[in-house]
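The block underneath contains the structure these notes are about, expressed in structure tokens.
Lettering of chains follows the sequences in order, A, B, ..., and the numbering in each one begins at 1.
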Protein chains: 2
Amino acid sequence: MQISARADYAVRALLVLASHDPETTKSDVLAESQHLPKKFLEAILADCRRGGLLLSQRGAEGGYRLARPAAEIAIGDVIRAVDGPLAGVRGARPETAGYDGEAANLQTVWVALRASVRSVLDEVTLADVVRGELPDHVRTLAGSPGAWSSR
Amino acid sequence: MQISARADYAVRALLVLASHDPETTKSDVLAESQHLPKKFLEAILADCRRGGLLLSQRGAEGGYRLARPAAEIAIGDVIRAVDGPLAGVRGARPETAGYDGEAANLQTVWVALRASVRSVLDEVTLADVVRGELPDHVRTLAGSPGAWSSR
DNA sequence: AGTATCTCGATCGGTTTGGTAGGCAATGCT
DNA sequence: AGCATTGCCTACCAAACCGATCGAGATACT
């Protein structure tokens with residue numbers, strides 16, 4: 001249940017792109033404005049391009065731009081592009097589990113967990129984060145007691 | 001956002017222990033009844049013991065048993081015992097992020113995500129899963145449209 | 001004491017992760 | 001045409017992690 005460096009960097013870079021929409025921005029600018037390792041970021045941006053989130057332009061005056069409006073790209077889309085499926089059990093999808101005995105109902109828990117994760121990551125878009133206006137559902141979660149303290 | 005083999009195995013073993021409560025059960029039985037690699041499971045059970053979830057008895061007639069009633073051990077407790085914090089960003093806690101610029105509000109998203117994960121894993125206990133009676137909140141999530149299909 | 005169990009600590013090989021380096025391909029400017 | 005700029009691909013590397021195992025230490029029974 002960890003957000004990898006790839007996912008974190010990808011989201012941050014796309015947030016910068018979203019705020020510069022629709023002009024193209026070069027990777028240098030993205031890396032410096034969020035203090036990300038340049039070459040590593042390039043590899044991540046390539047994943048986003050292959051995932052259909054980004055368009056790229058080579059050569060001088062080149063750079064990247066969003067393939068869709070920022071309001072139509074969810075955080076979950078970005079994570080899926082760089083890390084694969086949002087949630088899984090031992091590398092596989094929760095619905096393909098096949099537990100028996102006392103663990104028979106465990107599958108339902110994992111499915112509920114995935115649904116819960118999706119309810120956050122698939123509802124928040126890049127535009128939401130840039131504008132600082134998160135969906136009510138997400139604001140409620142972040143404002144619930146103990147949300148900001150470790151456990 | 002993956003459930004590791006350690007976490008999956010740990011939960012399944014503790015579910016068996018919960019159903020045998022309060023008698024001690026040896027790792028052999030746990031491994032066979034859920035088809036888990038025996039020696040690997042032992043290492044995982046040791047983590048649970050150090051985490052205060054299990055009591056162990058060495059030697060002949062030894063085995064493991066729950067340190068608390070099954071209704072007072074949440075799935076989240078088990079995962080924390082074997083994998084550390086439930087949710088984090090690049091190995092650190094979400095609240096220690098320190099984003100700036102366009103990503104300033106991203107921290108709130110990660111905190112909401114963690115709260116969402118906790119709302120499932122910290123509300124479901126071992127006893128719930130064994131009895132097949134999950135909290136309403138979790139049943140609603142698992143029953144929501146699309147919860148059982150991949151994306 | 002001896003022995004059969006059973007847990008515990010250390011270890012190990014392979015994969016993934018985070019990050020770097022260099023060369024090639026495409027584009028625009030002069 | 002020639003050159004500077006910028007993305008793209010392959011390879012490489014160290015460190016961490018993951019799944020799994022071996023040998024030793026603790027306990028109970030005879």
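If you check distances only, the side chain of A:K39 does reach the base of C:dG22 with a donor-acceptor pair under 3.5 Å. At a cut-off of 3.5 angstrom, the base of C:dC8 holds at least one donor-acceptor pair with the side chain of B:E42.
Between B:S27 and C:dT7 there is a side-chain N or O to OP1 or OP2 distance below 4.0 Å. For A:S56, a side-chain nitrogen or oxygen approaches OP1 or OP2 of D:dC8 to under 4.0 Å. Note on A:R50: a side-chain N or O is less than 4.0 Å away from OP1 or OP2 of D:dC9. Between B:Q57 and D:dA28 there is a side-chain N or O to OP1 or OP2 distance below 4.0 Å.
Look at A:R65 and A:D21 and you find no salt bridge, because none of the NZ, NE, NH1 or NH2 atoms lies under 4.0 Å from a carboxylate O. Using a 4.0 Å cut-off between charged nitrogen and carboxylate oxygen, A:R68 and A:D77 count as a salt-bridge pair.
In the set D:dA20, C:dG18, C:dC8, C:dC8 carries the atom at the smallest distance from any side-chain atom of B:R49. Side-chain proximity of A:Y64 to the nucleotides D:dG7, C:dG28, C:dG18 is greatest for D:dG7. When distances are taken from the side chain of B:Y9 to each of D:dC8, D:dA20, C:dG18, the shortest belongs to D:dA20. Comparing atom distances between the A:A5 side chain and each of C:dG9, D:dG7, C:dG18 picks out C:dG18 as nearest.
No engagement by B:R90 is indicated, since no non-hydrogen atom pair under 4.0 Å with the nucleic acid exists.
With a 4.5 Å cut-off on side-chain heavy atoms, B:L106 and A:D8 count as touching.
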